[in-house]
Visitor: 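Before I ask anything, here is the structure I am working with.
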Amino acid sequence: MSVKTYPVDAAAFAGWDGSIAGARRLQRELAQRVRLVDDFAPLRRIAGLDVGFEDGGTVTRAAAVLLDAHSLALQAETVVRRPTTMPYVPGLLSFRELPALLEALRALPEVPDLVFVDGHGIAHPRRLGIAAHVGVVSGLPTIGVAKSILVGTHAAVGETRGARAELRDGETPIGTVLRSKDRVAPLIVSPGHRVSLATAPELVLRTVTRYRLPEPTRLADRLASRRGGYTGAPRP
DNA sequence: GCGACAG
DNA sequence: ATCTTGTCGC
């Protein structure tokens, strides 16, 4: 029997042989290019990225939104639909979602100064969650915003907005468990690329309004899961 | 060998 | 992630 392989998207996975073992190998290599230092221009535009599925999972639907960093007003949005090529494998999420995500990102009319990705940054077994992967291949500053933990442990988190606890894998700090809103499950925030561990949660908190998720990720989420309805705050 | 396991 | 209605709490 030969080793099972999947289609290789050259733009997203240069050097991948299409195998599961090869994917983990590539993650270890790319993780070395991640830079956890704040290195981004004054924030004008922030993008949000997320993926949803249609047709029982056979179609991957990636969404990208562009917001004004200050007013958080929606400036642009893109949606891209591609056939799904890989199953979900814990730890290898980017090999399933990255190609479509990058196309949605490139389709935006402007290049963002920072990108929020639904999923983990370095809070990953090999320090290359999808947010870190997006950062390394695009060169853009990124932050991962996840709704649950993939790896790591933490102390109890206060119940009010802004409360947090360090997420660690053994002795290594890999992210922040952040309460974005009173009495809601905390978010797991971790740097993707060109952002430090300390700054990531501050940037996320700045973009949270009245919901659990920060606006970039929340709007991308609605678009990817084709939901609509009310979006903003009460009219002034 | 036995669990855990982003979306 | 997705399949799905009503229901409890702020």
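What you see below is based on every heavy atom in this structure, not just the backbone, and it leaves out hydrogens, waters and symmetry mates. Below, chain A is the first sequence line, B the second, and so on; all start at residue 1.
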Visitor: Would you indicate which nucleotide in C:dC3, B:dA6, B:dG7 comes nearest to any side-chain atom of A:Asp118?
Guide: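 Out of C:dC3, B:dA6, B:dG7, the nucleotide with an atom closest to A:Asp118's side chain is B:dG7.
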Visitor: How is A:Ile149 classified with respect to the nucleic acid when contacts are heavy atoms under 4.0 Å: base, sugar-phosphate, or nothing?
Guide: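 Sugar-phosphate, backbone atoms only, no base.
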Visitor: At 4.0 Å (heavy atoms only), tell me whether A:Gly91 reaches a base, stays on the sugar-phosphate, or touches nothing.
Guide: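 Base contact - A:Gly91 has a heavy atom under 4.0 Å of at least one base atom.
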Visitor: Check every strand shown and say whether A:Leu92 touches a base, only sugar-phosphate, or nothing at a heavy-atom separation below 4.0 Å.
Guide: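 The answer is base, as A:Leu92 lies within the cut-off (heavy atoms under 4.0 Å) of a base atom.
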Visitor: Identify, between A:Arg183 and A:Ala224, the residue whose nearest nucleotide on DNA chain C lies closer to the 5' end.
Guide: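 The residue closer to the strand's 5' end, by nearest nucleotide, is A:Ala224.
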Visitor: Taking all non-hydrogen atoms of both residues into account, name the closest pair between A:Thr217 and A:Phe116 and its distance.
Guide: OG1-CB, 3.7 Å
Visitor: To the nearest angstrom, how far is A:Asp50 atom CG from C:dT2 atom C1'?
Guide: 13 Å
Visitor: Other residues, nucleotides and ligands only: do more than 12 of their heavy atoms fall within 6.0 Å of CZ on A:Arg44?
Guide: no
Visitor: Please state how far atom NE2 in A:His124 lies from atom C1' in B:dC5, giving the value in whole angstrom units.
Guide: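 My rounded result for the distance is 11 Å.
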Visitor: Side chain of A:Pro90, heavy atoms from C-beta onward: which of B:dG7, B:dC5, C:dT2 has the nearest atom to it?
Guide: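 Of the candidates, B:dC5 comes closest.
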Visitor: Grab the CZ-C1' distance between A:Arg126 and B:dA6 for me, whole Å please.
Guide: 12 Å
Visitor: Any base atoms under 4.0 Å from A:Asp182, or only sugar-phosphate, or nothing? Heavy atoms, all strands.
Guide: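 Nothing, no heavy atom under 4.0 Å.
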Visitor: Could you give the CZ-to-P distance, from A:Arg227 to C:dT2, as a whole number of Å?
Guide: 7 Å
Visitor: Whole-Å distance between C:dA1 P and A:Phe95 CZ?
Guide: 21 Å
Visitor: Are OP1 or OP2 of B:dG7 and a side-chain N or O of A:Ser148 less than 4.0 angstrom apart?
Guide: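 Yes, A:Ser148 has a side-chain N/O under 4.0 Å of OP1/OP2 on B:dG7.
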Visitor: Indicate, with a heavy-atom threshold strictly under 4.0 Å, whether A:Tyr88 touches base, sugar-phosphate, or nothing.
Guide: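 Base contact.
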Visitor: What is the distance, to the nearest angstrom, from the CD atom on A:Glu54 to the C1' atom on B:dG7?
Guide: 16 Å
Visitor: Contact class for A:Gly52 (heavy atom, under 4.0 Å): base, sugar-phosphate, or nothing?
Guide: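 Sugar-phosphate: the residue A:Gly52, judged by heavy atoms under 4.0 Å, touches backbone atoms but no base.
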Visitor: Could you state the CG-P distance from A:Leu167 to B:dA6, rounded to the nearest angstrom?
Guide: 13 Å
Visitor: Among B:dA6, B:dG7, C:dT2, which is the nearest nucleotide to the side chain of A:Leu150?
Guide: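 Selected nucleotide (nearest to the side chain): B:dA6.
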Visitor: For the pair A:His133 and A:Phe95, evaluate side-chain contact (heavy atoms from CB on, under 4.5 Å) and give the outcome as yes or no after the intermediate values.
Guide: CA-CA 10 Å; A:His133 202 149; A:Phe95 289 80; 4.2 Å; yes
Visitor: Please evaluate residues A:His124 and A:Leu93 with respect to the criterion side-chain contact (heavy atoms from CB on, under 4.5 Å), reporting the C-alpha separation (whole Å), side-chain torsions for both, the decisive distance (0.1 Å), and the verdict.
Guide: CA-CA 11 Å; A:His124 176 279; A:Leu93 181 66; over 6 Å; no
Visitor: Side chains of A:Ile20 and A:Lys4: does their closest heavy-atom pair fall under 4.5 Å?
Guide: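 Side chain of A:Ile20 against side chain of A:Lys4, heavy atoms only: no contact under 4.5 Å found.
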Visitor: For A:Lys147 and B:dG7, is the shortest distance between a side-chain N/O and OP1 or OP2 below 4.0 Å?
Guide: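 For B:dG7, OP1/OP2 do have a side-chain N/O of A:Lys147 under 4.0 Å.
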Visitor: Might you point out which heavy atoms bring A:Val195 and A:Thr142 nearest each other, and give the distance in Å?
Guide: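 Minimum heavy-atom contact is CG2-O, 3.9 Å.
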Visitor: With a 4.0 Å cutoff (strictly under), does any side-chain N or O of A:Lys181 reach OP1 or OP2 of C:dC10?
Guide: no
Visitor: Find the distance A:His120:NE2 to B:dC5:C1' and express it as a whole number of Å.
Guide: 10 Å
